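Notes follow the structure.
A quick note: this is a predicted structure, and the numbers were derived from the prediction, not measured.
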Amino acid sequence: MSGRDHEQASLDEKIDESRKTSHSPGDATDSAAELERNQTTLSGGLLLNEDEVLARARDMSRTGANVPLFVTFHKHDKENPRNFPPWKKWYITCFASFLNIITCLCAGGISSASSDIAETFNVSAEVTTLGLSMYILGFALGPMLLAPLSEYFGRSPVYIVSWCILVIFQIPLALAPNIATVIVCRLIQGFGGSAPLTNTGGTVSDLWARNESGNAMMVYGFSSTFGPPFALVVSGYLVLRLGWRWLFWFDMIVTGALLVLMVVTLPETRHSIILERKATRVRKTLAKEGNISPEVLDSISDASNKGNKRSLHTLFAINLTRPVRFLFSEPITMGAAAYNGLIYGIVYLFNEAFPLVFGPGGHGFNTGQWGLTFLGLCIGSLLAACCHPLQERYYLRRVAQNEGKGVPEARMGQARFGALLLPISLFWFAWTSFTWVHWVVPIIASAFFGAGIYVVILAILNYVVDAYQTYSASALAGVILVRNLVGAGFPLFGRQMYTKLGNEWASTLLAFLSLLFVPIPIWWFYRGEQLRLKSPWAREHFGQDEDAPH
């Protein structure tokens with residue numbers, strides 16, 4: 001690993017040290033001696049807050065000295081997202097998480113309209129399923145482009161531009177003259193709608209310190225597991241009453257309103273972008289004074305880039321190659337990707353399975369009624385989210401026992417038992433799918449499945465982030481890629497599988513598959529330290545004494 005990577009990995013630890021010693025704006029002084037006592041050395045330069053850089057630059061112009069100056073946040077800096085007022089942090093967290101729900105609403109809602117679309121364009125049910133799969137495929141491909149763009153331009157521009165794509169392509173979908181238009185537009189929409197998958201977790205990390213982020217991650221995790229089933233709850237009666245084209249008009253109204261709110265109220269939260277703006281502001285302020293040498297101005301940059309010019313080519317190279325390296329060389333990432341892929345594959349496969357179990361060929365429900373059966377998954381996720389504070393309390397107790405340092409393995413506390421809920425609920429769902437069993441019984445089973453996916457997915461995401469720290473974006477990119485590729489593939493064979501095997505045996509097969517993955521959270525809980533020690537990436541952060549935004 002290059003020295004540049006090692007240096008970047010410990011950058012935020014040094015920034016935290018600087019925050020402890022740096023002045024607030026009102027404390028800035030021109031005294032070189034005072035500045036000397038408050039400086040932090042980084043890469044041969046000084047890590048200082050904005051006012052200290054101004055004072056040091058003026059002093060260097062007078063003395064003729066020249067040393068690189070790197071702008072960072074001061075301890076109570078209002079521009080630091082982690083110092084935002086609590087109400088603002090919660091607004092941004094909830095807004096970004098709500099985007100996650102809405103993009104999943106756009107993804108899965110088409111399943112309620114599949115039979116009507118098939119009838120309109122005279123195509124098979126399997127062809128209309130491509131409308132769902134192409135959107136999820138866009139989910140898989142989008143982060144590979146949007147992740148480096150969010151590093152280069154910031155989170156807010158990526159949210160806005162990609163969300164515009166999601167909004168605009170509702171129009172050709174609502175007016176689609178043929179099935180090809182639907183399939184192509186859905187792929188493009190999925191690409192645009194993948195921005196929350198790329199950004200929301202990073203936004204939460206921008207805003208909240210690791211040991212304060214429990215409730216925020218609870219909201220984020222809930223949005224990820226609540227969104228897919230909620231899509232069918234909303235879309236069922238909408239399609240039944242107004243027709244399938246109005247599904248896309250409705251999506252356009254909702255996403256369009258959110259776009260306006262996004263432009264007006266969503267600030268930039270990526271730390272490196274904010275620091276870069278600070279450094280630019282400092283240089284402009286000094287340039288206006290007219291007595292600062294060009295050499296001094298050139299020595300000022302932000303603490304993230306340290307005077308190095310950013311390159312989209314380099315960012316893309318890292319974002320396209322490193323996730324693949326993680327996927328094929330890191331046991332933690334491989335396990336997380338496989339488990340997430342299975343879970344999301346089953347969730348989107350249910351979009352095809354529930355109509356067979358509860359629709360005209362099963363319990364005889366119409367489109368609106370079988371859409372409501374997804375409430376079981378939604379309620380299960382909600383109940384699991386309400387129990388998450390117990391997991392967070394357990395994690396913080398383990399952190400306190402570890403002298404305030406992170407304990408990634410403690411993230412898997414509830415997941416050891418939540419993983420068991422997946423096969424149990426699927427077996428339950430499978431063998432209560434008979435038409436002579438009351439319809440509420442398999443719905444109750446699906447509620448336990450919803451609880452299980454919430455507990456497991458949130459624990460895995462937290463564990464990967466804690467284990468890899470500054471490399472977590474690359475690790476999660478690989479996980480998200482596999483998760484959505486599998487999620488796109490499963491619905492394509494769901495109907496055939498349930499038709500050929502029968503409702504009971506098809507769900508039983510899924511239960512056995514989920515049973516194979518139960519040991520993963522248990523293994524990580526008891527043997528995760530050994531896995532992290534064997535990883536060159538995770539070993540850099542084995543001390544768990546950093547808390548960098550990702």
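For an aromatic pair to be called close, the ring centres must be under 6.0 Å apart, and Trp90 with Trp208 satisfies this. Taking the six-membered ring for Trp and the full ring otherwise, Phe374 and Phe354 have centroids separated by under 6.0 Å. For Tyr344 and Phe490, the gap between ring centers reaches or exceeds 6.0 Å. The distance between the ring centers of Phe429 and Phe448 does not fall below 6.0 angstrom. Between Tyr339 and Phe517, the distance from one ring center to the other falls under 6.0 angstrom.
Seen from the ring of Tyr91, Lys88 does not count as a face-on cation partner, given the 6.0 Å and 45° thresholds.
Using modelled atom types and a 3.5 Å distance limit, the side chains of Thr128 and Ser114 yield no donor-acceptor pair. Side-chain atoms of Ser156 and Glu268 form no donor-acceptor pair, as typed in the model, at a separation below 3.5 Å. Residues Thr203 and Asp206 have side chains that never bring a donor and an acceptor to within less than 3.5 angstrom of each other.
The CZ atom of Phe226 sits 11.5 Å away from atom CD1 of Ile453, with the distance rounded to the nearest 0.5 Å.
Pairs of residues two or more places apart, or lying in two chains, that qualify as ring pair (Phe, Tyr, Trp, His ring centres under 6.0 Å) and include a residue from residues 122-181 are Tyr135-Phe139. Applying the side chain to side chain donor-acceptor pair (under 3.5 Å) definition to pairs two or more places apart or across chains, those involving residues 428-455 are Trp431-Thr508.
Among the candidates Val479, Val482, Val486, the single residue satisfying the side chain to side chain contact (heavy atoms under 4.5 Å, CB included) test with Asn340 is Val479.
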